[in-house]
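Worksheet: one structure, shown below.
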Amino acid sequence: MLKIKNLQAYYGESIILKNIDLNVQEGRIVCLLGRNGVGKSTFLKSIMGMVCTPHGSICLENKELINEPTYTRARSGIGYVPQGRDIFPQMTVAENLRLGLEINNGIGKISPKIYELFPVLKEMLTRKGGNLSGGQQQQLAIARALVSHPKLLILDEPTEGIQPSIIQDIGKVILLLKKEGYTILIVEQYLEFILNIADDYYVMDKGEIIAQGLVSKMDKEEIQHKIAI
Amino acid sequence: SGCAGTQASNSNNDKNTIKVGVLHSLSGTMAISEVSVKDAEMMAIDEINAKGGVLGKKIEVVTEDGASDPAVFAEKAKKLLQQDKVATVFGCWTSASRKAVLPVFENNHGLLWYPVQYEGMESSPNIFYTGAAPNQQIVPAVDWLLKNKGKKFFLIGSDYVFPRTANKIIKAELKAKGGTLVGEEYTPMGHTDYSTIINKIKNEKPDVVFNTLNGDSNVAFFKQLKDAGINTKDLITCSVSIAEEEVRGIGAGNMAGQLVSWNYYQTTDTPENKTFVKNYKAKYGQDRVTDDPIEAAYDAVYLWAAAVEKAGSTDVDKVKAAAKGLEFNAPEGKVKIEGENQHLWKTVRIGEVQADGSIKEVWSTPGPVRPDPYLKTYDWAKGLAN
Amino acid sequence: MDIYILQIFNGISVSSIFMLAALGLAITFGLMKIINMAHGEFIMIGAYAAYIVQNFFTQYLPASFFNWYFFIAIPIAFLLAASIGWVLERIIICHLYGRALDSMLATWGVSIVLQQLARSIFGAPNVDVKSPNWLNGALLLSPGLQLPYKRLFIMGMVIICMLIIYYLMYCSNYGRKIRAVMQNRDMAASLGINTRKIDSYTFAFGSGLAGIAGCALTLLGSIGPTLGTGYIVNTFMVVVLGGVGSLWGTIAGGLLIGTGNTTLEFLTNTTSGKVLVFTLVILFLQWRPQGLFTVHSRSLDE
Amino acid sequence: MNTILEIKDLIISFDGFYAVNNVNTKINKGEIRFFIGPNGAGKTTLLDAICGRIKPQHGSIIFNNNKNVLHYAEHELVNIGIGRKFQVPSVFTSLSVYENMEISVVKNRGIFSAIFNNITKSQREKINTILELVDLFDYRYRKASELSHGQKQWLEIAMLLVQDLQLILLDEPVAGMGRKETTKTGELLQKIAAHCTVIVVEHDMQFVREYASMVTVLHEGAVLDEGSVNHIQNNPKVIDVYLGRGGENCA
Amino acid sequence: MFVKKFIKAPANWTFLIIILSLLAAPLFLSVFRINLLGKFISYAILAIGIDLIWGYTGILSLGHGVFFGLGAYAMGMYLKLEAAHGKLPDFMSWSGLEHLPAIWAPFSNPLSLLFIIIIPALLAAVIGYLTFKNRIRGVYFSILSQALSLIFVVLFIGQQAYTGGTNGLTSFQTIFGLSLAADNTKYILYYASILFLILVYTYCRFIVNHRIGKILIAIRDGENRVRFSGYNPTIYKIFVYISSAAIAGIAGAIFVPQVGIISPAEMGIVPSIEMVIWVAIGGRGTLIGAVIGAILVNGLKSGISESFPEIWSYFLGLTFIVVVIFMPEGLVGLVKKYASHLFTWHNKKEKIIQKAPSIN
Ligand SMILES: Nc1ncnc2c1ncn2[C@@H]1O[C@H](COP(=O)(O)OP(=O)(O)OP(=O)(O)O)[C@@H](O)[C@H]1O
Ligand SMILES: Nc1ncnc2c1ncn2[C@@H]1O[C@H](COP(=O)(O)OP(=O)(O)OP(=O)(O)O)[C@@H](O)[C@H]1O
Ligand SMILES: NC(N)=O
Ligand SMILES: [Mg+2]
Ligand SMILES: [Mg+2]
């Protein structure tokens, strides 16, 4: 579904990603692992078109996206949950959620299932996004990406700052989503979490993919070792 | 640095042109008034050049923008005198700009022709004043108003030196001649809301509002005065900084029936004026109007040219000496340079704004009045000019 | 007695003028964080638009139509200012998001250029815009108490503009998008919002509002190239006093500065009134450093 | 006697919403105290109160037996020995890593010292040691804005370490860190706990288990339970609101 | 130590070159141009002060015209009394005063020239204490400083008898007995300006090179974080504000004798904004950028307005726009960028320096 070839990314003059190749097949959960600062977030941002990517190709369902602006990429069906949440701080939780629908031109309704997944949000609908606690914001960010039923969901460290019980819930949600046919690309450092949910994995180091394979065949120790180089 | 070129090569005598400076605000708030004055000066220069120039040489103009900022005026004046070495400068409008360049002209032994009515109390040896001194505009106006319109005066002006000094003179005159002062208000330049002041005026019920507001503020004042339901029967205003050009901006409808005091109107009936108005409109457009400062600026160029011809040189001292007593048939009638203070003898005219924006003369002095910038000949003005 | 009632009316009237002039700024500055020093020039553009429409009416249409020109002038002023704003956003402002202070400097340049442009097109002297007859005169409550129709009309315009803005910003999809873009551009884009479009429309809308203000101001004041400069400081003061980013703040700020100005001017004189108002604004900020309607934020540094 | 921080009857509310509701607790010297609890329980708010960012409606926070924290301005608290790391990494982005440290290492934070005194050799060495410790030594001339999320977290911790504080407040120090880095951070905590007390807010239960000496569980602004890790892990209520059933296999 | 550091930085080399060219300028330029350049130098001094507070500390003051004006008025009052030769200054008599007002009395004494620094510094101390203590920041501070400048303009215009009103103070004759009209005096003033430029630059360079400089930048990046690092940003901000105000005062005092006038028009909002623009164009946060920006913009302004008096505003406006958009770091930033492209060896050198932190 998502095919990335030869992708390079730059911050100003400095090259962050070198020739990344990565595939996400329909209906699968792919996770990207790697130490701090190797460029995982940068990779997700370049999929969204938020960093400079002079070379390479990003194909979503055989549509080339590399020259499209961010919003067209989003509209072609990508839901993005950034690291650091990026909630709209001055807007209420309800408004934040509604904005998730912009991918479909603002049409549609927020299905009550969202509130089943994240019950806190229901209580806080009228509170300003910026006043939520860190974890609440994270949940809001995921919910916001889900309301539009994207074809591809991109999550950047979704468990960061989340209480254990909700991490489990998020894990369940992701599996549920997979059942519903979602395709998911997820960046995580939390290996145990990944082991339970992902199908494929990639390991990144210094802007390059250094290992990949099926999670089911993955040797935890070895991966741990690779990540920790 | 950005200032290229070392010595701008020039000297008036060895070339076939005579350089003169024109120094007005072409940008900033004062451009509203000064651009037309500059146009008048350019027209006069073009006319003189068309007739062969002065001393057989063409006049070459160096234009500078004072940018409505006194310090810039000072800089540009220095530049004109020191760098371009111009024979004379026509320029300035506000008193602030004149005061700023005054020391420059005195220190560099230059010559400035200043075309606007002003507050007096000044007579620099390096300036010729072709606009009215207070005794050629304000003093006779107050006199006339006291006789014809009533004794209760309300003074309103922009907060700067001309209105404040003018009002000091008016207050002294009122005191001497039995008028009463019921209010005095100053507003910052560019002030646009007069509702409160109009409310105060309404409350004081004066016979006359003597108006020394400058520029934009006049538009706001008159529009809002009319809306407040005050008409010229209850209360008349007399303005000394509103000429035809300003009337256009205010809207004749808003000012019809109000009084002004000047030395010249576009309607002034002299043969010179007919050609002047015709030429000005032909040059700058039929919708343009002439008015007092425009005419005074135009006169200034001719007076200078005449003085140069008479002196046979552009040397400042010689020109000054030649200018003494020089007469000129200006559009406003005969004017004459008073040697003692380098101001002009001018006829005073009180006019009424008409519905079409023209100004009709309602009263005038029989002939040109002698300029008296320090009001030395007025008993009641003793102590004003120490 | 009348004099005091009239003074209260004057206070509200001046407030409404400040508000009208500040509304566009509340959007371009309050929401978009563009310190638009050319705001005053958009007001000027609106005023000249009224002048153009008026001239068109007097030259090409029968005299009987003249009374209605103002109803055409308002939308034309809006459209003209908005389209110039749109163009400006496309070529200049778009480089300046997130660089609030830089935006101030660049728009200062814009303001210089626009002023000179007006001077080149319309000439340096002021021009005259005649108000339609039905706006002349005043509502006569008692012999000493006349409320000019023009001022009442402007108050009405302010209220209508406020309602429109309120609806657009807080009740419509579009408003939500604007606010999202202004709070986090990248995130808004990754939610599928065309931020470029929103930016330019919003800036155009704010500029258009300034145009309407300019059109209304022709009723009361002068129309010249430097018309806008007189309003720029006051309007910023209104927005800041009220609290940047809050529509209610702009209303409150306008009321405070407007009535403050007239009241103090009435009690003292214009100069002292002005000085006192600005001094009070400074003192007020000591008490409320973020303006009247503070937009709270939990983040460490905004 | 050994208490370094005592929180008494603390109440913080936002427009009627009680984010911290009558919290009482004592923290001993040399402890690594963890505050855990569901998202929105009020942990960050509590830290905000301790470091002077918000003024509580009621209650007191006593530092070192006699200093009421609430009477000090933020910067004074650092000088009496309380430092804080924020949940969202906040470092000085246009300064280099080294300069960030330089600002923190200084003892005399008055203006004259800032103008006339440069940092001493021993301070410089200290900075270098700590930068080595957090793996930022090679990055020391990079601008802080160029660091990744995790690296910023480290830098912020390093800035606290160099300050010689008595009490350090860490809000989610290992969020966004890998296992290896997490372990390293933990070891770091143990090292500094030798001469200073640490309060940590964290959701990573493995981390909590390994390094906590005492854990306080907050729930809806109030203390739900307090004790050793083992103790609270077996409290059904804590499991219910926070850990989740079967939380063990995931966390 | 300081000297060593001073010589190391390319900015300081540039400064040295500028100073040398300024010193040599009288060999090539007419006395009018020198006089004009002297005015630009006073602006450069002012700009350095603005860079200190804006470029380094992130506080945008849109009211620096006030401090410049206060310094200039202090100087002007002294010169005016010198010109009056014990009599009442001209404008006072036509404004109706009969005696020299008390606030003018001290200015007959040369010691009163200290007021050039004291008055702006005091005002800055009061305003700074109030606003920074109450945590008025960002655009709120900018607007507040704008209000300040408006207040002073209106006050100075309104108090005509004491300040000369819109006309300001003008018609000075001598300075310390030297005729202001004389060419020699102009050269002396010019060299004095350069001297002050060097002093002020050195002072500011000293500040930013020391730890306080980093703290200032830290305040710009995140004031609250600075607080949680144990510093009281208020004190630092007040200090910078006072420094910057005093520098502006000095600049004003240098301006007056060379230009021959100080009026409220120089302290209003428009000049205050333009001052900031000089710094932006030169490159903020570099000090040297401020110097370059001030001299260049004003040189350009004078030059273009002489050649194209009717349309020079277009050039000026467009320059502002283009510079801000395409050179966000100003001229200095542009040069830096290209320099680093051209000289990759420079980076290597830098790395060597980096390895040896003891230089710091
Ligand atoms: N805005 C930026 N400008 C320059 N360099 C940057 C910028 N943001 C990140 N970098 C650099 O890019 C590299 C990759 O950063 P990125 O945020 O993608 O890492 P990451 O793998 O997501 O790390 P983490 O797990 O800590 O979030 C880092 O070394 C960082 O220093
Ligand atoms: N300024 C505020 N206005 C309104 N509500 C607030 C404000 N600050 C915090 N809250 C609320 O107070 C509660 C406690 O927030 P806090 O940030 O302390 O939670 P936390 O325990 O740190 O959670 P997390 O683990 O998710 O970071 C939350 O429900 C939050 O929405
Ligand atoms: N001289 C005048 N009108 O300023
Ligand atoms: Mg990341
Ligand atoms: Mg928290």
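All chains are named by letter (A, B, ...) in the order of the sequence lines, taking the proteins before the strands, and each is independently numbered beginning at 1. Note that the structure is a prediction, hence the values are computed from the model and not measured.
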Could you grab the distance from atom [atom1] of [X] to atom [atom2] of [Y], nearest 0.5 Å is fine?
X         : Y         : atom1 : atom2 : value
Ile223(C) : Gln54(C)  : CD1   : CD    : 8.0 Å
Asp292(B) : Gln266(B) : CG    : CD    : 12.5 Å
Phe42(C)  : Leu209(C) : CZ    : CG    : 12.0 Å

Interface moiety of Tyr231(C) toward chain B, non-hydrogen atoms closer than 4.5 Å |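 It is the side chain, since no backbone atom gets that close.
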Side chain, backbone, both or neither: which part of Thr268(C) has a heavy atom under 4.5 Å from chain B?
->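 Answer is backbone: N, CA, C or O of Thr268(C) sit under 4.5 Å from chain B.
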Between [X] and [Y], does any side-chain donor sit less than 3.5 Å from a side-chain acceptor?
X         : Y         : value
Ser239(B) : Asn218(B) : no
Ser27(B)  : Asp65(B)  : yes
Thr262(C) : Asn10(C)  : no

In terms of heavy-atom pairs under 4.5 Å with chain B, which of [options] leads?
options                                    : answer
Leu220(C), Thr229(C), Leu227(C)            : Leu220(C)
Ala138(C), Pro148(C), Gly11(C), Ser222(C)  : Ser222(C)
Glu265(C), Lys150(C), Gln115(C), Gln116(C) : Glu265(C)
Asn269(C), Leu6(C), Leu147(C)              : Leu6(C)
Gln146(C), Lys274(C), Arg119(C)            : Arg119(C)

Using a 3.5 Å distance criterion without hydrogens, assess whether the side chain of [X] forms a donor-acceptor pair with backbone atoms of [Y].
X         : Y         : answer
Lys281(B) : Arg288(B) : yes
Lys152(B) : Lys205(B) : yes
Tyr51(C)  : Val127(C) : no

Does some side-chain heavy atom of [Y] sit less than 4.5 Å from a side-chain heavy atom of [X]?
X         : Y         : answer
Ser95(B)  : Tyr114(B) : yes
Glu246(B) : Asp291(B) : yes
Val116(B) : Phe162(B) : no
Ser36(B)  : Tyr280(B) : yes

Salt-bridge present (Glu119(B), Arg98(B); N to O < 4.0 Å) =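 Yes.
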Lys202(B) and Asp2(C) ion-paired at < 4.0 Å |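 No.
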Close approach to chain B in residues 12-25 of chain C, criterion heavy atom under 4.5 Å =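 Val14(C), Ile17(C), listed by number.
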Residues in residues 250-259 of chain C near chain B [non-hydrogen atoms, under 4.5 Å] |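 Answer by number: none.
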If contact means a heavy atom pair closer than 4.5 Å, which residues of residues 182-194 of chain B contact chain C?
->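 The list, in residue order, reads Glu185(B), Tyr186(B), Thr187(B), Pro188(B), His191(B), Thr192(B), Asp193(B).
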List the atom pairs, with distances to 0.1 Å, where a side-chain N or O of residues 62-73 of chain C and a protein N or O form a donor-acceptor pair under 3.5 Å, not counting sequence neighbours.
| from | atom 1 | to | atom 2 | distance (Å) |
| --- | --- | --- | --- | --- |
| Asn67(C) | OD1 | Asn133(C) | N | 2.7 |
| Tyr69(C) | OH | Lys130(C) | O | 2.5 |

Atom group of Ala228(B) that falls short of 4.5 Å from chain C, counting heavy atoms |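 Contact with chain C involves the backbone of Ala228(B) alone.
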For each of Val35(B), Ile197(B), Asn199(B), Asp216(B), tally heavy-atom pairs with chain C at distances under 4.5 Å, and name the one with the top tally.
->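 Looking at each option in turn, the highest pair count goes to Asn199(B).
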Count the heavy-atom pairs under 4.5 Å between each of Thr196(B), Val219(B), Thr29(B) and chain C, then report the option with the highest count.
->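 Of the options given, most contacts go to Thr196(B).
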Please find out if less than 6.0 Å separates the ring center of Phe153(C) from that of Trp134(C).
->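 Ring centres of Trp134(C) and Phe153(C) closer than 6.0 Å.
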Is the gap between the ring centers of Phe56(C) and Tyr60(C) under 6.0 Å?
->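 That pair passes the under 6.0 Å test.
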